[in-house]
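Note: hydrogens, waters and symmetry copies are ignored here, and every other heavy atom, side chains too, is used.
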Amino acid sequence: MKIEEIKHPELKDHINMIYMHGENNNQKAIEKTEESIKEYISDKEFIISVEDNEPVKIPYGNDGNYLVPIFTDELEYINGMQYFSLNVMDENKEYIIEKLDYFKKLKEDPNFLGYLVNIARVSYIINITLI
């Protein structure tokens, strides 16, 4: 699969719904949408930034916790890499196209908090309970 073939408008719609439900304090709707996200990502491939065949990890807080960025389309990837560049984090980075469970061992790491969708906009964190 080529990078230009990766498109996930449905996931973006789910993320927007999570925010709308949050604004309305509708926890049941949030949980239902999270289940839809879980089902959606289970068999889809995403753009993942890697370095030496390992996922790029972004520090989150000061306790060693980290997130792994993913991108839902080519434009998000381009913008995300520009963000990396602005933050001096872009050396030797490449991309692969994989399912989110590709790096299964990450789930065993207590410092892994999940996947960050679209780092340039910080739009949503897919936590490990949904993977």
Side-chain angles (χ1 to χ4, degrees):
M1 183 174 286
K2 298 177 182 175
I3 192 169
E4 58 269 16
E5 296 172 337
I6 298 290
K7 298 188 187 326
H8 293 290
E10 190 175 336
L11 177 61
K12 292 180 182 184
D13 289 344
H14 288 320
I15 291 169
N16 288 335
M17 291 305 293
I18 292 269
Y19 281 112
M20 285 177 44
H21 296 319
E23 290 288 317
N24 295 321
N25 294 318
N26 190 341
Q27 189 59 36
K28 275 190 171 180
I30 290 173
E31 291 168 8
K32 184 176 178 184
T33 307
E34 284 181 340
E35 282 302 311
S36 296
I37 288 173
K38 183 175 183 176
E39 185 178 319
Y40 182 85
I41 65 175
S42 67
D43 64 350
K44 301 291 189 291
E45 295 176 323
F46 294 86
I47 302 164
I48 300 176
S49 186
V50 296
E51 186 172 17
D52 299 327
N53 296 318
E54 291 292 324
V56 171
K57 299 174 181 178
I58 300 170
Y60 190 85
N62 297 318
D63 300 322
N65 293 335
Y66 64 90
L67 299 164
V68 171
I70 62 167
F71 308 94
T72 63
D73 58 40
E74 185 178 17
L75 182 59
E76 272 189 14
Y77 179 74
I78 290 167
N79 290 339
M81 293 313 288
Q82 287 174 347
Y83 178 88
F84 278 143
S85 179
L86 289 173
N87 289 282
V88 196
M89 301 187 309
D90 69 334
E91 292 182 21
N92 304 318
K93 305 275 190 300
E94 299 177 31
Y95 77 87
I96 60 172
I97 295 170
E98 282 294 347
K99 293 184 179 180
L100 296 190
D101 63 356
Y102 180 73
F103 299 103
K104 290 181 175 70
K105 63 183 178 188
L106 288 177
K107 288 179 72 171
E108 299 168 9
D109 184 346
N111 293 323
F112 174 55
L113 301 179
Y115 290 95
L116 176 65
V117 181
N118 189 3
I119 185 175
R121 289 184 46 213
V122 191
S123 68
Y124 185 70
I125 295 172
I126 297 175
N127 67 56
I128 56 174
T129 64
L130 300 180
I131 303 165

Query raised in the report: When rounded to the nearest 0.5 angstrom, what is the spacing between CD in E76 and CG in N118?
Result: 3.5 Å
Query raised in the report: Considering residues at least two apart in sequence or located in another chain, which fulfil the side chain to side chain contact (heavy atoms under 4.5 Å, CB included) criterion with E4?
Result: K2, E74
Query raised in the report: More than 12 heavy atoms of other residues, nucleotides or ligands under 6.0 Å from NZ of K32: is that the case?
Result: no
**Report entry** Joint hydrophobic cluster, I18 plus M20, side-chain heavy atoms closer than 4.5 Å
**Finding:** no
Please tabulate, for side-chain N and O atoms in residues 105-117, each donor-acceptor pair with protein atoms closer than 3.5 Å (sequence neighbours left out).
| from | atom 1 | to | atom 2 | distance (Å) |
| --- | --- | --- | --- | --- |
| K107 | NZ | I131 | O | 2.7 |
| D109 | OD1 | N111 | N | 2.9 |
| D109 | OD2 | Y66 | OH | 2.9 |
| Y115 | OH | L100 | O | 2.7 |

Query - Gap between atom CG of L130 and atom OG of S42 - 0.5 Å precision - result: 11.0 Å
Listed pairs under 3.5 Å, donor-acceptor, residues 9-17 side chains, sequence neighbours left out:
| from | atom 1 | to | atom 2 | distance (Å) |
| --- | --- | --- | --- | --- |
| K12 | NZ | D73 | OD2 | 2.5 |
| N16 | ND2 | K12 | O | 3.4 |

Report summary line: Across all chains, not counting sequence neighbours, the side chain to side chain contact (heavy atoms under 4.5 Å, CB included) partners of K104 are D101
Query raised in the report: How would you list, by chain and number, every residue that makes a side chain to side chain contact (heavy atoms under 4.5 Å, CB included) with E31, sequence neighbours excluded?
Result: Q27
**Report entry** Inter- and intrachain pairs under ring pair (Phe, Tyr, Trp, His ring centres under 6.0 Å), touching residues 25-45, at least two apart
**Finding:** H8-Y40
**Report entry** Non-hydrogen side-chain atoms of F103 and V68 separated by less than 4.5 Å
**Finding:** no
Query raised in the report: How about T72 and F46: do any of their side-chain heavy atoms sit closer than 4.5 Å?
Result: yes
**Report entry** Flag if over 12 foreign heavy atoms under 6.0 Å of CG, N24
**Finding:** yes
Report summary line: In terms of heavy-atom contacts, F71 and G80 come closest through CE2-CA, 3.8 Å
Query raised in the report: Which distance, rounded to the nearest 0.5 Å, do you find between the CD1 of I125 and the CD1 of I128?
Result: 12.0 Å
Requested in this report: Could you tell me the separation between the CD1 atom of I47 and the NZ atom of K7, rounded to the nearest 0.5 Å?
Outcome: 9.0 Å
**Report entry** Heavy-atom closest pair, residues I119 and P69
**Finding:** CB-CB, 4.3 Å
Report summary line: Sorted by chain and residue number, the side-chain hydrogen bond (donor to acceptor under 3.5 Å, both in side chains) partners of N79 (sequence neighbours excluded) come out as none
Query raised in the report: Cluster partners of L75, using ILVMFWY side-chain heavy atoms under 4.5 angstrom, listed by chain and number?
Result: none
Query raised in the report: With sequence neighbours left out, what residues match E98 under side chain to side chain contact (heavy atoms under 4.5 Å, CB included)?
Result: I48, I96, Y102
Query - Euclidean distance, Y95 OH relative to I3 CD1, rounded to 0.5 Å - result: 4.5 Å
Query raised in the report: Same cluster or not: are I78 and I58 linked, directly or through other Ile, Leu, Val, Met, Phe, Trp or Tyr residues, by side-chain heavy atoms under 4.5 angstrom apart?
Result: no
Requested in this report: Quick one: closest heavy-atom pair of E39 and D43, and the distance?
Outcome: O-OD1, 4.1 Å
**Report entry** Euclidean distance, E94 CD relative to M81 CE, rounded to 0.5 Å
**Finding:** 9.5 Å
